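Here is the structure we will look at.
The shown structure was predicted, so the numbers you read here are calculated from the model rather than taken from an experiment. Each ligand, and each atom within it, is numbered from 1 in the order the structure gives.
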Amino acid sequence: MRSLPIGVFDSGLGGLTVVREFVRALPGESIVYLGDTARCPYGPRARSEVREFVLQIGAWLSARPVKLIVVACNTATAAGLALAQQAFDVPVIGVVEPGARAAVMATVNRRVGVIGTVGTVDSGAYSRAVRALDAGVTVFSAAAPRFVDFVEAGLRMDESPLEDWISQTADVFIRPSFYEMARDYLDPLKRAGIDTLVLGCTHFPLLSAAIQQVVGPNVRLISSAEETAREVVEALTARGHLAAGGSPDRRFFTTGDAIEFERLGSRVLGFETGRVEEVVLDDLTALLDNALRDQLTRFEGEELSETNPSKED
Ligand code: DGL
């Protein structure tokens, strides 16, 4: 068990910001990462569809096998974490709860902003997670879906290291449109007086310098990556499943273009991904067998009856 890899997935490249942190915190761990680039973005999709993706990818990772699964996507965590925890035998950890915990620890005035995809914001997952930790903290949320496009498209536009690209582009080409868009998303949160802003999408840490400029120096930015890495360390330590040593094997897969993923992924990670392998989408969708479909139907049925409890006479 100890030598098995940690399975990590996201809708695309964003989850690599979480892997970056894992490699810092857990340099000895092997990792299998799947970026579902062919179906990115997840943010605007129906919750039920995202849940199907979570089950497919969870089944794919479980078959490798892995010792733990990290859902390195806020949208997928908000839609499918609880379902995945029921469906798979290994522990499954998401990014929302760790991000909420980091924000609750950081805020002084107890006014926290959250930006994420439409799926994440509409789910109310961050508000619930923050309230469960400290009911006195007020959460102000805003969907910032175009930030995802900005990152995915921006990564494809230039060959220079990512942080250089952001500053270079912000200074030269994209600046007016990006800052205008960012102000539209962020000004209402600033007016609400937040002192902490959760980057509730794993793509957003790649824009943190620009986001910080818009919100100003008095707002602390929180990325859930570090806190998630801490939670993974705790989960593996508690079970005695931390890697014993030896050189880690890190393997990267995508449902999209493998050559492109290798080039862009290496830039996000700051180290070479090695050869990226392609996962055929039909093979992935075939993993959603009848047993998993039944589990999804049952889960959604229970969820419905919890939100609309029938009146007792
Ligand atoms: N990285 C995903 C997240 O954390 C968002 C990208 C998408 O919309 O697929 O929510």
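Near T117, the atoms of ligand 1 lying under 4.0 angstrom from a non-hydrogen atom of the residue are 5 (C), 8 (O), 10 (O). The D10 neighbourhood of ligand 1 comprises atoms 1 (N), 2 (C), with distances under 4.0 Å to a heavy atom of that residue. For ligand 1, the atoms lying closer than 4.0 Å to a non-hydrogen atom of T75 are 3 (C), 5 (C), 10 (O). Taking every non-hydrogen atom of Y42 and a distance limit under 4.0 Å, the qualifying atoms of ligand 1 come out as 7 (C), 8 (O), 9 (O). Heavy-atom contacts of G43 reach the following atoms of ligand 1: 7 (C), 8 (O), 9 (O) (cutoff under 4.0 Å). Of all the atoms in ligand 1, the ones that sit under 4.0 Å from a non-hydrogen atom of N74 are 3 (C), 4 (O), 10 (O).
The aromatic rings of F252 and Y33 sit tilted relative to each other, their planes meeting at an angle between 30° and 60°.
Of all the heavy atoms of S11, the ones lying under 4.0 Å from any atom of ligand 1 belong exclusively to the side chain.
Nearest protein neighbour of atom 5 (C) of ligand 1, counting heavy atoms only, is C201 SG, 3.3 Å.
The hydrophobic cluster containing L4, built from Ile/Leu/Val/Met/Phe/Trp/Tyr side-chain heavy atoms closer than 4.5 Å, also comprises M1.
Heavy atoms of C73 approach ligand 1 to within less than 4.0 angstrom.
Ion pair R51/E303 flagged as a salt bridge, since at least one NZ, NE, NH1 or NH2 atom sits closer than 4.0 Å to an Asp/Glu carboxylate oxygen.
Between F53 and Y42, a ring centre-to-centre spacing shorter than 6.0 Å is recorded. The distance between the ring centers of F253 and W60 falls below 6.0 angstrom.
A distance of 11.0 Å separates OG1 of T196 from CG of N218, quoted to the nearest 0.5 Å.
When hydrophobic clusters are built by joining Ile, Leu, Val, Met, Phe, Trp and Tyr residues whose side-chain heavy atoms come closer than 4.5 Å, directly or via intermediates, F22 is not grouped with I69.
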